[in-house]
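Below is one structure, written out as structure tokens, with a few remarks after it.
Just so you know, ligand 1 is whichever comes first in the structure, and atom 1 is the first atom listed for that ligand.
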Amino acid sequence: MKDYDFAVIGSGIAGLSFALKAAKHGSVVVITKRTGTDTNTAWAQGGIACVTSDEDSFELHVRDTLAAGAGLCNEAVVRTVVTEGPQRIRELAELGLQFDEREICGHRELDLGKEGGHSKRRVLHVRDATGKEIEDTLLRELSRQSNVELLENHTAVDLITAAKLGFATENRCLGVYVLDEKTGEVETIRSDRIVLATGGCGKVYLYTTNPDIATGDGVAMAWRAGVEIANMEFIQFHPTCLFHAEAKSFLISEAVRGEGGILRNHRGEDFMKRYDPRGSLAPRDIVARAIDAEIKRSGAKCVFLDITHKPPEFIRKRFPHIYQTCLRFGMDMSKQPIPVVPAAHYQCGGIKTDLNGATSLPGLYAIGEVACTGMHGANRLASNSLLEGLVVAHQAAAAAVQMRSAAKPKIALPEWQSGKVQDVDELVVIYHNWDEIRRLMWDYVGIVRTDKRLQRASARLRNLQREIREFYWNFKVSVDLLELRNLAAVAALIVDSALCRKESRGLHYTLDYPQANDEEFRRDTVLSRG
Ligand code: SIN
């Protein structure tokens, strides 16, 4: 058994920011499934929304966030994230991160991008690879810390709680079991401050902009530990994922539309004007539904994002990563429109927390995409999530440090028991179930829902969960099996939450209840086991 003052699971912006702050007060372990940079953060293109310009104000950023959130944001959380943002951004800059600047009338100022739903230009960015720069900056700083251990290729299996061990005392989180992929052994990590920063669950859908690690591990583990989970019906579909047979999960940033890109259908029409006066830069839920409708109506496979009216030098300089990637697939975006489709992008719900990342289980924190703080409500405003990750990580570190001084005596934890289990004999079963979940979620629990489709998905998922449970208890745990088990749990949570909400609001749109019903449903959907 290994002992740490703080154990962080996940190495994106939230996890690493927390770890750097906590390291000033004790030993920290950062547990991550693949390498440190295999995170959603590293894939973030657009940037960080933050008020830095004289033409902008905190009030406007709060107003835009609340409008996108469709009545479900927690205003106090939104205000704190927005107003604390600039200070947290300064800290990133002190670590060496340089956001893009531009020259205006002989002086340099931040080059601010624009995305859907923002009334002002306020998105700080580093070209079109902001997340990668942030990730590299934070990892470089982490490697300088003597009391932080980074465990790569380690997958969290389950949380260890007082209740699971049968203690009659107040329930709390005591540690976590972790699979070391190299040895195949499950290690016991003891810490009275466990932080879930595992990101989202895009891989639960057939098409996603997320990397392979996004399998909903944090939400699934918290759910199994009896922690409250909120608003899982609100899955954000990004309108523009590259449509190409060989391109897997490649996002075409909303910043392309922010710089004037226009969505066109297969006939070349600027169709978005028919759906919303804001056209191609309307909020994401509206754009994604409009594309879905165009595709279904016409039978076309995709729509097109056209920025060919901008100078090629501008496109190459502002979007080098997207430009080069499209070129690799044989498309020059300065000369031809990019084929795009919507894809699952962001989980707006998650483990229910307060502004300090505290969950309903003492000793367990959740930060970043895995958490539902109330910042995003029913629909996240673009580029607000990196900001939320930074600010809430700071708050959570301060809270966890404080609580540590009042921590209870440490309890000896049982080692993982693998019993007589054997290696998985038929990997095909895992892959088949994995594919089935992702396809049924796409077909039945996607951008437009109905009760009938949700009920079908629910019935099928219960069967799959039974099969997976059998597998889990009879065979040695592997990363694939753990991820499948987590995906199934999160898929069921999305379906159950969607079935609870008999209205349409934000990202949850159902043909059976196409209007919002404030009287009954202007509230969070909160589920907990039992
Ligand atoms: C994008 O670049 O379009 C993604 C930004 C975000 O999802 O916040």
Checking a contact table here: which protein heavy atom is nearest atom 3 (O) of ligand 1, and how many Å away? E254 N, 2.6 Å
Side chain to side chain, I286 and R278, heavy atoms closer than 4.5 Å: yes
Numbered in order shown, the ligand 1 atoms found under 4.0 Å of a heavy atom of R380 are 6 (C), 7 (O), 8 (O)
Ring-plane angle category for H238 and H345, please: parallel below 30°, perpendicular beyond 60°, tilted otherwise. perpendicular
Check R284 against ligand 1 and report side chain, backbone, both or neither, counting heavy atoms closer than 4.0 Å. side chain
Can you name the atoms of ligand 1, numbered from 1 with element, that are less than 4.0 Å from a heavy atom of H345? 4 (C), 6 (C), 7 (O)
Tell me the protein heavy atom at minimum distance from atom 2 (O) of ligand 1, and give that distance in Å. S253 OG, 2.6 Å
Of the protein's non-hydrogen atoms, which lies at the shortest distance from atom 8 (O) of ligand 1, and what is that distance? S383 N, 2.6 Å
Crowding at CD, E103 (>12 non-hydrogen neighbours, <6.0 Å): yes
Quick one: which ligand 1 atoms are inside 4.0 Å of a heavy atom on A382? 8 (O)
Just jot down the ligand 1 atoms closer than 4.0 angstrom to any heavy atom of E115, in number order. 5 (C)
Which part of L251 is near ligand 1, with near meaning a heavy atom under 4.0 Å away: side chain, backbone, both or neither? side chain
Evaluate the ring planes of W442 and Y205, with Trp represented by its six-membered ring, and classify them as parallel (under 30°), tilted (30 to 60°) or perpendicular (over 60°). perpendicular
Does the cation-pi check pass for R289 over Y509, that is, NZ or CZ under 6.0 Å from the six-membered ring centre and within 45° of its axis? yes
Using 30° and 60° as the class boundaries, would you call the ring planes of H244 and F329 parallel, tilted or perpendicular? tilted
Among R284, R257, R122, which one satisfies salt bridge (charged side-chain N to carboxylate O under 4.0 Å, His left out) with E115? R284
